[in-house]
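Numbering of residues begins at 1 and proceeds along the displayed sequence.
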Amino acid sequence: MTAFRTLPRAEVLERRAKSNGREVLVVGGGAAGLIAAKRAAECGAHVTLLEKNDRLGMKILISGGGKCNLTHAGTMEEIRATFRPAEARFLKPAFYRYTNDDLLDILHTAGMQTYVRPDGRIFPVEPANAKDVVAALEQAVRDAGVRVVTGAAVSGLVVEEGRITGVRVGERVRQAESVIVAVGGSSYPATGTTGDGWRWAAEVGHTMVPLRAALAPLYLDRVEPDWSGVALREVTLRARVQAGGKEYVRWHGDLLFTHKGLSGPCALGVSREIAERMAFGLAQGGVLEVDLVPDISFEALQAQIRAELRDSPRKTVGSIVDRYLPDRLTAPFMAQASVEAQTRGAHLAAKTLNRLVERLKGWPLGGIRSVPLERGEVVAGGISLEEVDPQTMASRIVPGLFLCGEILDIAGPVGGYNLQAAWSTGYVAGEAAAGGNNATKRP
């Protein structure tokens, strides 16, 4: 796929001089805001990027544990299909306009190498990390001619005669013909995403879809402090309405025990469904269990262990379980399964074997106490998609206002999908806010 051309600074300035470009304010220097500012400037606008923190890209810096899961390597249709239907329909124009290849082109042009993990996630090649990603994007923004102002805490939007005319920064009003709001949601408020954009949008007439945690850790009603920091690799986490009841969501990947419950890709992957169930009355979100051997059926695992113990009758049951669990978890697992670890194969009863396999295929982890909204990497809910034009990210309520990134009611799964949504919607917003007349088109 052909990537968009990154314009040399001299060409950007020449276009601006010829275009009598409009004034564009971009509020928020995260993923969506950086790409929006860059694109608007490339299209000839006079762009000022306002960021309330003292540095740009605070949420990018924590992506992928600081390693920065840039995007996903799937086709744009495959990436789009991971979102819920209404979100996927909304994202289609933006994903067509700005792809994963287009984002990577910026970084590769800056000299950064990237690689694709087996699960499709794309990361910088170490030692490069999230800090280097932010530095490359900031340089691209400045090279495009954007004026970057940090420590600029916007307090509201200015609307006159039904049209946006600027923003308030302290006691001052900064005027502009177009304003792009890209301030993120309310996850990880320490990074500056404190939900300001939702309040501003509501004040000028936008409808807010109720907020839910998404890609968040899970707090359990019973925790084992000694398990904190222990990870399970390539397992399947399942949530049920009650013990032995109907399963309503699952996720395959790694799982991490914390001092309050669970984190890691599995926990993040099921968190949105659990948060929604809790919001609509499911007591404490139901219960969780983990399949420690997800790639083999109950019957096949049972036959495999039976054959192994038959062929090695002096082998202990504990030595078999050790293959599936870290050392710290073997003893508590065996206790829950009511199986003596030192039991040898020659003495293992059929009922005991069944009980062991049942636990390996569904180890109960307890009830879910909460899904903390403020700890989520992404928040579901936000500005109603019905009130935003997917072709331009323009507000259907207030002319001159453009909305992109996490403040929209969009939340994809873990794996780089949400950052791609931010890059793509930011690009479209930047181009449209600038007027789009000088946009570089695909050949």
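- By the 30° and 60° cut-offs, the orientation of the rings of Trp227 relative to Trp363 is tilted.
- Shown here is Arg222, whose CZ atom has no more than 12 heavy atoms of other residues, nucleotides or ligands within 6.0 Å.
- Note that CG of Asp409 is 12.5 Å distant from CG of Leu403, once rounded to the nearest 0.5 Å.
- With rounding to the nearest 0.5 angstrom, the NZ atom of Lys52 is 11.0 Å from the CE atom of Met58.
- No more than 12 heavy atoms of other residues, nucleotides or ligands shown are found within 6.0 angstrom of CZ on Arg147.
- Closest approach of Met208 and Ala202 over heavy atoms only: CE-N, 4.1 Å.
- For the atom pair CD1 of Ile296 and NZ of Lys361, the computed distance is 7.5 Å after rounding to the nearest 0.5 Å.
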Let's go through Gln175 and Thr165 carefully: what are the C-alpha distance in whole Å and the side-chain angles of both, what is the deciding distance for side-chain contact (heavy atoms from CB on, under 4.5 Å) to 0.1 Å, and is it a yes or a no? CA-CA 6 Å; Gln175 295 184 327; Thr165 58; 5.7 Å; no
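- Leu237 contributes atom CG, which lies 10.5 Å from atom OG of Ser271 (distance to the nearest 0.5 angstrom).
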Val181 vs Ile383, side-chain contact (heavy atoms from CB on, under 4.5 Å): CA-CA, chis, key distance, verdict: CA-CA 11 Å; Val181 177; Ile383 297 172; over 6 Å; no
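- A cation-pi arrangement is present between Arg117 and Phe123 under the rule of less than 6.0 angstrom and at most 45 degrees off the ring axis.
- Aromatic ring pairs are classed by plane angle as parallel below 30°, tilted from 30° to 60° and perpendicular above 60°; the pair Phe83 and Tyr417 is perpendicular.
- When Arg250, Arg84, Arg240, Arg212 are each tested for a salt bridge (Lys or Arg N to Asp or Glu O under 4.0 Å) with Glu273, only one passes: Arg84.
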Going through the distances and angles, do Asp102 and Thr99 end up as a side chain to side chain donor-acceptor pair (under 3.5 Å)? CA-CA 5 Å; Asp102 297 323; Thr99 71; 3.2 Å; yes
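- The neighbour count for His108 NE2, taken as heavy atoms of other residues, nucleotides or ligands under 6.0 Å away, is above 12.
- How far CZ of Arg80 is from CG of Leu91: 8.0 Å, rounded to the nearest 0.5 Å.
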The test is side-chain contact (heavy atoms from CB on, under 4.5 Å); show your working for Asp132 and Asn129 and say whether it passes. CA-CA 5 Å; Asp132 300 296; Asn129 57 25; 3.1 Å; yes
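- Contact of the Leu137 side chain with the Val141 side chain is not registered, since no non-hydrogen atoms from C-beta on lie closer than 4.5 Å.
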Using the side-chain contact (heavy atoms from CB on, under 4.5 Å) rule, take Leu218 and Val371 through it: C-alpha gap first, then chi angles, then the decisive distance, then the call. CA-CA 5 Å; Leu218 307 175; Val371 185; 3.9 Å; yes
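- Taking CZ of Arg375 as the reference point, atom CG of Leu268 lies at 11.0 Å (rounded to 0.5 Å).
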